Amino acid sequence: MKVCVVGGGGREHALAHVLARTAEVVRARADPSGIDADLYVIGPEQPLVDGLADRLRSEGRLVFGPGADGARLEGSKVWMKQVLHDAGVPTARHGAFDREEPAVRFLRSLAAPYVVKTDGLAAGKGVLVTESVDEAVDDVRSKLVGASFGDAGRTVVIEEGLRGPELSVLAVCDGRRAVPLAPARDHKRLGEGDTGPNTGGMGAYSPVAEAGPELVEEVVERAVAPTLAALQRLDVDYRGVLYAGLMLTAEGPKVLEYNVRFGDPEAQVVLPRYAGDLAAFLAEAAAGHLTTEPTFIDDACVTVVLAACGYPVSAQTGDPISGVEEAEAVPGVTVFHAGAERGADGGLMTVGGRVLDVTALGADVGEARRRAYRAVDHISFSGMQYRGDIAASAAAPGRPETAKTAEVMW
Ligand code: AMP
Ligand code: GLY
């Protein structure tokens, strides 16, 4: 089978890497026109929201990725909240506003933490979570006037702040059925100890000890399956990944967001653990006939994102990168290229905010993590920033919940 992976980031590199075990893979950074393939796998959200899957399907192509109708789940948080409400899926209470005064009134009626989101796409950076109501009010103002996120922020969603650990459950859907992949945990904040601004993701790991099969089943039953059914009622034939970003609250898992594609960097830690033929599995979903039950190897996977100077506000680019070959010589390590490209001299250069995903498999999260950081030590570029605490709490020896649930880990 020949598979075309659309998109130029680390997630797409990971997809291509794992698909290449069983298929011939070509990559298209943006527009796949002119590439003849048996299956098209669309990585990023923007082309999905813009209707690329619809266009390819209208040409008779087999496509993994929802049409523009389903992609609205990620393209509009207001619409997503409406679908969740109609489907009875647990989520944070919210209000949507395009005027400042009622927005501020609603905000002041809530308790901390305060959560302000852009309605539209903002590359994972449009969410403010703060303990300060004044900061939240300022953020509402700058989003509504279009100063901080352009048109994506002219409507804001204000949410009740939830507390608890987060979890990403990615489910592969064929329009009617959703099958979950091994769960992962992403680290969204720029700084160690979960401080600083939200980013697209600074690292991830899988498995997640406290997310055994029972929890995943609960997420599918209470969130993913009802959402897919609600989409069906709206005549949306959703074929692709439905990614539930969850908060594990004291009242059970609640959906923070849906994404309509593989997570980045979750894909980098979930896909290397996939035990079967990924190309055949995604082709089944794309064709509307999912029969494969996905299985995962016991090894754990950890990825550490190396980001450019200035990320997430801006990104310094054009800097030479050294040490990737040495990094990949560490056992179990693969370095996925996100914002990195080969320059005229053949050397790797920085071209984006998240530059490299240093990814390691290991017998457990601790070993995978040690390998990933040993590999990171070989790599350098000007202004490189990364978190030193990716998967740290999951790898700490003697954590009681790790020991307790080890036998049900995915
Ligand atoms: P989102 O893009 O909607 O997933 O939001 C990005 C990040 O903001 C999430 O991963 C959470 O860390 C945080 N967040 C989003 N919504 C809430 C909420 N209602 N309460 C607390 N934190 C939130
Ligand atoms: N890791 C977060 C995302 O893919 O949106």
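Note that the numbering runs from 1 along the sequence shown for the chain. The model shown is predicted, which means the values in this text are computed figures rather than measured ones. Both counts, for ligands and for their atoms, begin at 1 and track the order of listing.
- The ligand atoms of ligand 1 that sit less than 4.0 angstrom from a heavy atom of Gly161 are 20 (N).
- Interface atoms of ligand 1 facing Val129, defined by a heavy-atom separation under 4.0 Å, are 8 (O), 13 (C), 14 (N), 22 (N), 23 (C).
- For ligand 2, the atoms closer than 4.0 angstrom to any heavy atom of Asn259 are 3 (C), 5 (O).
- Here's the thing with Glu257: none of its N/O atoms is less than 3.5 angstrom from an N/O atom of ligand 2.
- For the side-chain contact (heavy atoms from CB on, under 4.5 Å) test, residues two or more places apart in sequence or in another chain that qualify with Ala244 are Val224, Leu246, Tyr258.
- Contacts between Val115 and ligand 1 below 4.0 angstrom, taking non-hydrogen atoms only, involve the side chain exclusively.
- In this structure, Met247 counts as a contact residue of ligand 1, since one of its heavy atoms falls inside 4.0 Å of the ligand.
- The shortest heavy-atom contact between Pro66 and Val260 is CD-O, 3.5 Å.
- Between Tyr274 and Phe296, a ring centre-to-centre spacing shorter than 6.0 Å is recorded.
- Annotation for ligand 2: atoms under 4.0 Å from non-hydrogen atoms of Gly263 are 4 (O).
- In summary, the atoms of ligand 2 found under 4.0 Å from a heavy atom of Gly200, numbered by their order in the structure, are 1 (N), 2 (C).
- Contact annotation: for Met202 versus ligand 2, there are no heavy atoms closer than 4.0 Å.
- At least one heavy atom of Pro265 sits under 4.0 Å from some atom of ligand 2.
- Taking every non-hydrogen atom of Ala92 and a distance limit under 4.0 Å, the qualifying atoms of ligand 1 come out as 19 (N).
- Residue-ligand proximity: Phe262 is placed with every non-hydrogen atom at 4.0 Å or more from ligand 2.
- Less than 4.0 angstrom separates some heavy atom of Asp186 from each of these atoms of ligand 2: 1 (N), 2 (C).
- Remark: the backbone N or O of Val137 is not paired with any side-chain donor or acceptor of Arg108 at under 3.5 angstrom.
- Between the choices Thr118, Val127, Thr249, the shortest heavy-atom distance to atom 6 (C) of ligand 1 belongs to Val127.
- Neither the backbone nor the side chain of Arg11 comes within 4.0 Å of ligand 2, counting heavy atoms alone.
- Every residue meeting the salt bridge (Lys or Arg N to Asp or Glu O under 4.0 Å) condition with Arg261, not counting sequence neighbours, appears here in chain and number order: Glu45, Glu74.
- By the neighbour-count criterion of 12 heavy atoms within 6.0 Å, atom CZ of Arg99 is sparsely surrounded, having that number or fewer from other residues, nucleotides or ligands.
- Atoms of ligand 1 found under 4.0 Å from any heavy atom of Lys117, numbered from 1 in the order shown, are 3 (O), 15 (C), 16 (N).
- Among all heavy-atom pairs drawn from Asp389 and Gly193, the shortest one is OD2-N, 2.7 Å.
- Residue contact annotation: Lys77 has a non-hydrogen atom under 4.0 Å from ligand 1.
- For ligand 2, the atoms lying closer than 4.0 Å to a non-hydrogen atom of Tyr243 are 1 (N), 2 (C), 3 (C), 4 (O).
- At a 4.0 Å heavy-atom cut-off, ligand 1 touches Asn198 through the side chain alone.
- A salt bridge is defined here as a Lys NZ or Arg NE, NH1 or NH2 lying under 4.0 Å from an Asp or Glu carboxylate O, and Arg374 with Asp377 fails to meet this definition.
- Counted by atom type alone, Thr292 and Glu284 present one or more donor-acceptor pairs between their side chains at under 3.5 Å.
- Checked by atom type, the side-chain pair Thr350/Thr317 shows no donor-acceptor distance below 3.5 Å.
- Counted by atom type alone, Ser76 and Asp119 present one or more donor-acceptor pairs between their side chains at under 3.5 Å.
- Between Ile390 and Ala204, the shortest heavy-atom distance links the atoms CG2-N, 3.8 Å.
- Within the structure, the closest approach of Arg261 to ligand 2 falls below 4.0 Å when heavy atoms are considered.
- Residue-ligand proximity: Glu160 is placed with a non-hydrogen atom under 4.0 Å from ligand 1.
- Look at Asp31 and Arg55 and you find a salt bridge, because one of the NZ, NE, NH1 or NH2 atoms lies within 4.0 Å of a carboxylate O, short of that distance.
- Not a single heavy atom of Gly201 sits under 4.0 Å from any atom of ligand 2.
- Every atom of ligand 2 is numbered from 1 in the order shown, and the set under 4.0 Å from a heavy atom of Lys188 is 2 (C).
- Taking a cutoff of 4.0 Å between a charged side-chain nitrogen and a carboxylate oxygen, Glu266 and Lys188 do not qualify as a salt bridge.
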